[in-house]
Undergrad: 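Have a look at the structure that comes next, please.
Lettering follows sequence order; numbering is per chain, from 1.
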Protein chains: 2
Amino acid sequence: MTATIKDVAKRANVGVGTVSRVINNHPSVSDEIRKRVLQAIEELDYKPNAIARSLKIKSTKTIGVIIPDISSAFYPEIVRGIEDAAKDLSYNIILLNTDLKREKEKEALNMLKEKKADGILFISNTVNKNLKREFKKTGIPVVLVSTKDLEGEIPSVTIDNERAAFDITNYLIKMGHRKIAIISGPKDDPNAGITRLEGYKRALLESGISVDENLIFYGNYKFKSGYDAMQKILMLKERPTAIFAASDTMAVGAASCAMQKGFNIPEDFSIVGFDGVELAEYFYPPITTVKQPRYEMGSKGMQLLIDILRGETKQKSVVLDYEIIERKSCREMGGI
Amino acid sequence: MTATIKDVAKRANVGVGTVSRVINNHPSVSDEIRKRVLQAIEELDYKPNAIARSLKIKSTKTIGVIIPDISSAFYPEIVRGIEDAAKDLSYNIILLNTDLKREKEKEALNMLKEKKADGILFISNTVNKNLKREFKKTGIPVVLVSTKDLEGEIPSVTIDNERAAFDITNYLIKMGHRKIAIISGPKDDPNAGITRLEGYKRALLESGISVDENLIFYGNYKFKSGYDAMQKILMLKERPTAIFAASDTMAVGAASCAMQKGFNIPEDFSIVGFDGVELAEYFYPPITTVKQPRYEMGSKGMQLLIDILRGETKQKSVVLDYEIIERKSCREMGGI
DNA sequence: CACCCTCTTGGAAACGTTTCATCAATTTAA
DNA sequence: TTAAATTGATGAAACGTTTCCAAGAGGGTG
């Protein structure tokens, strides 16, 4: 069997308390004994049992990470940011997928409560009252990443979606576009759906362009919904010259549809996306987009969570910067 | 504080042993007492402490998942397969990234030993003697996914890379291509680098086409290396008519390069990839590829691991089927 | 020399479970 | 009717740590 602290104590001829103290670097242990203990540890290849330790100190050095779907392009980089930060702080992460199902979110929360996670990073649905009650029931601190508590009670790390949509729409306007369609997220997504649509509308209005309801389409951030929206756009009598898709994947879907029907990007349509996903970069032509700092969102979320666990912070939320990445999917309009 | 088994016992007026038995569905407890205990559990919203339980039963219901990089397009779907299967079997997963660094692999193994993971799914570097020694030291059962132990001692779930490469190369040959370049993986990757190159060569040879060393290029599976290889290909006096890239991302890189220089896919070059990643599907034109069953690899790996933990299986490895997905990136050659 | 500190060390208790040896009560067999 | 067997329930021990309390060993001081 694998060695325990008792075995080490015996071999080093000391008490278990002493061994524990050298493991945890308590100051009050003489150099000579420390050396003896260290040697015994070495000889037995002793590794402390984290489970036993956790039981005693009531901390597992484990963080639960709740996301919709790791195989969806948006999340892996967030998770990578989380895991890197976790490693630095000597935590581990348990990954749970929810598919945005409330039921699975609840189950995940239960698991994490039973396994005594020290904290939770929640990157799933928008938070509602009901969910907040579930959070409370676990008794585990939660930080939101890339989603929000509408009432702002739970700390979160996000970007300003409204402003980002405003900026990217303005980018199109500056290039001379006046008929700009949007392929928005779903109406029931208060975080990235509604806000981006609002930013788009505000940009139009502030430039004196009236918003045309016929140029507003709704998708679900996936390829097919972008593709389908483009099909509708192509059937318009008065086509837009530019399209703002609320996700890169929809942007690519739209571009694919157009190209398949014989149109060219950016000559016939200027297209911009949102997220800054690899697909947009590697597509041909590469798609201009607003890049969310996904890695940083993850690592920052982790750091914030740990700060909170240590009681080192007033639970304030953080809003990160986004960046418009100009590529080859847009063109300047000449005069009308 | 949150309720313990003692609190439940007290409230239900029974011994702790009894509570434990109803929690674990042991048969010998009377209906009346069971009811009483259940009610107490309900009233206190008692959730068993998995840490304490783990300490006692020496099983954490946790599996370590060691991968190179979750933000690399190939892995997320594997991980999703793993997590889904884990959930079904009531396990959780701890995710660890290694960037293919031996040092990080070692650290990951140590963490999992200390945290007493019940099993490990290893999806990183090819396994060598040294690593195998580290596996042994943890004392934790390991299953390999999408990588191999050259000596075949450790159970694994993979596809037949050589045969897949053979098939896809043949696909090109059947279309009439005779000058086929390959953008291979690195020479020091015995799993997916060398094997795919060998499948390519065998296909050529069996069709009586001699392999031309000038048509063999090496990349690292990433976009840029595909792009760079294409640049070299374009500089050849005698250009190939088809290109087999050992990853979809390289295939897309190569296609982008060609298109940027004014060539058309598939008119000027037929291109096929490998992996079956989203990028290949959404690229325009969509890239023909051999799709690895990544989700299934993950879930199968998980199931195999659990079978082994339960001692229900002779530790045999499993080889999964791949699938050639025909899209729009290749064209038939007329007679020469 | 007696006293009081300080510094180390040992060991027991506690963390919240599961399980095992006991025991009490009830049923079955003789 | 009594002995034996079966069933159900109890509580202590154990899992491997950490931490706290007590105590021993010096060392200074008056």
Undergrad: Could you check whether A:T4 gets within reach of a base, just the sugar-phosphate, or nothing at all, counting any heavy atom under 4.0 Å?
TA: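 Since only primed, P, OP1 and OP2 atoms lie under 4.0 Å of A:T4, the category is sugar-phosphate.
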
Undergrad: Check the surroundings of atom CG in A:D31: do more than 12 heavy atoms from other residues, nucleotides or ligands lie under 6.0 Å from it?
TA: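 Count not over threshold, so no.
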
Undergrad: To the nearest 10 degrees, what angle separates the axes at the start and end of the helix from C:dC1-D:dG30 to C:dA30-D:dT1, five pairs each?
TA: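 Nearest ten degrees gives 50° for this helix.
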
Undergrad: Are there over 12 heavy-atom neighbours, none belonging to B:K10, within less than 6.0 Å of that residue's NZ?
TA: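 Not more than 12 within 6.0 Å, no.
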
Undergrad: Contact boundaries of DNA chain C with chain B (under 4.0 Å, heavy atoms), 5' to 3'?
TA: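 Result: C:dG16 to C:dT19.
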
Undergrad: Starting from the 5' end of DNA chain D, give me the residue, B:N13 or B:I57, whose nearest nucleotide shows up first.
TA: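 Here B:N13 is the residue nearer the 5' end.
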
Undergrad: Is it the case that the side chain of B:S156 and the backbone of B:T158 share a donor-acceptor pair, with hydrogens and angles ignored and the cut-off at 3.5 Å?
TA: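 Checked: no pair found.
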
Undergrad: Of all of residues 28-50 of chain A, which get a heavy atom below 4.0 angstrom from DNA chain C, listed by number?
TA: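 Those residues whose heavy atoms fall under 4.0 Å from DNA chain C, taken from residues 28-50 of chain A in numerical order, are A:S28, A:V29, A:S30, A:I33.
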
Undergrad: Once you apply a heavy-atom cut-off of 4.0 Å, does B:I5 come out as touching a base, just sugar-phosphate, or nothing?
TA: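 Result for B:I5 = base.
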
Undergrad: Please collect all salt bridge (charged side-chain N to carboxylate O under 4.0 Å, His left out) contacts where either partner lies in residues 56-75 of chain B, sequence neighbours excluded, each pair once.
TA: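 Applying salt bridge (charged side-chain N to carboxylate O under 4.0 Å, His left out) to every pair that reaches into residues 56-75 of chain B, excluding sequence neighbours, yields A:R80-B:D69.
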
Undergrad: Starting from the C-alpha separation in whole Å, work towards a yes-or-no answer on salt bridge (charged side-chain N to carboxylate O under 4.0 Å, His left out) for A:R53 and B:E114.
TA: CA-CA 10 Å; A:R53 173 161 217 273; B:E114 297 192 4; over 6 Å; no

Undergrad: Ignoring hydrogens and geometry, is there a side-chain-to-backbone donor-acceptor pair from A:D118 to A:T60 under 3.5 Å?
TA: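 It does hold such a pair.
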
Undergrad: Not counting sequence neighbours, list each pair that qualifies as a ring-ring contact (aromatic ring centres under 6.0 Å, His included) and has a residue in residues 8-47 of chain B.
TA: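 Passing the test, one end in residues 8-47 of chain B: no pairs.
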
Undergrad: Check B:G301 against B:V143 and note the closest heavy-atom contact, atom names and distance.
TA: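 Closest approach of B:G301 to B:V143: O-CG1, 4.1 Å.
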
Undergrad: Quick check: on DNA chain D, is the nucleotide nearest B:L55 upstream (toward 5') of the one nearest A:R21, or the reverse? Name the residue that is more 5'.
TA: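 Counting from the 5' end, the first nearest nucleotide belongs to B:L55.
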
Undergrad: Specify the closest pair of heavy atoms between A:D7 and A:T2, including all atoms of both residues, with the distance to one decimal.
TA: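 Distance-wise, the nearest heavy atoms are OD2-O, 4.4 Å.
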
Undergrad: Which ring-ring contact (aromatic ring centres under 6.0 Å, His included) pairs, counting each pair once, include a residue from residues 90-123 of chain A, with sequence neighbours left out?
TA: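 Output for this query lists A:F122-A:F135.
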
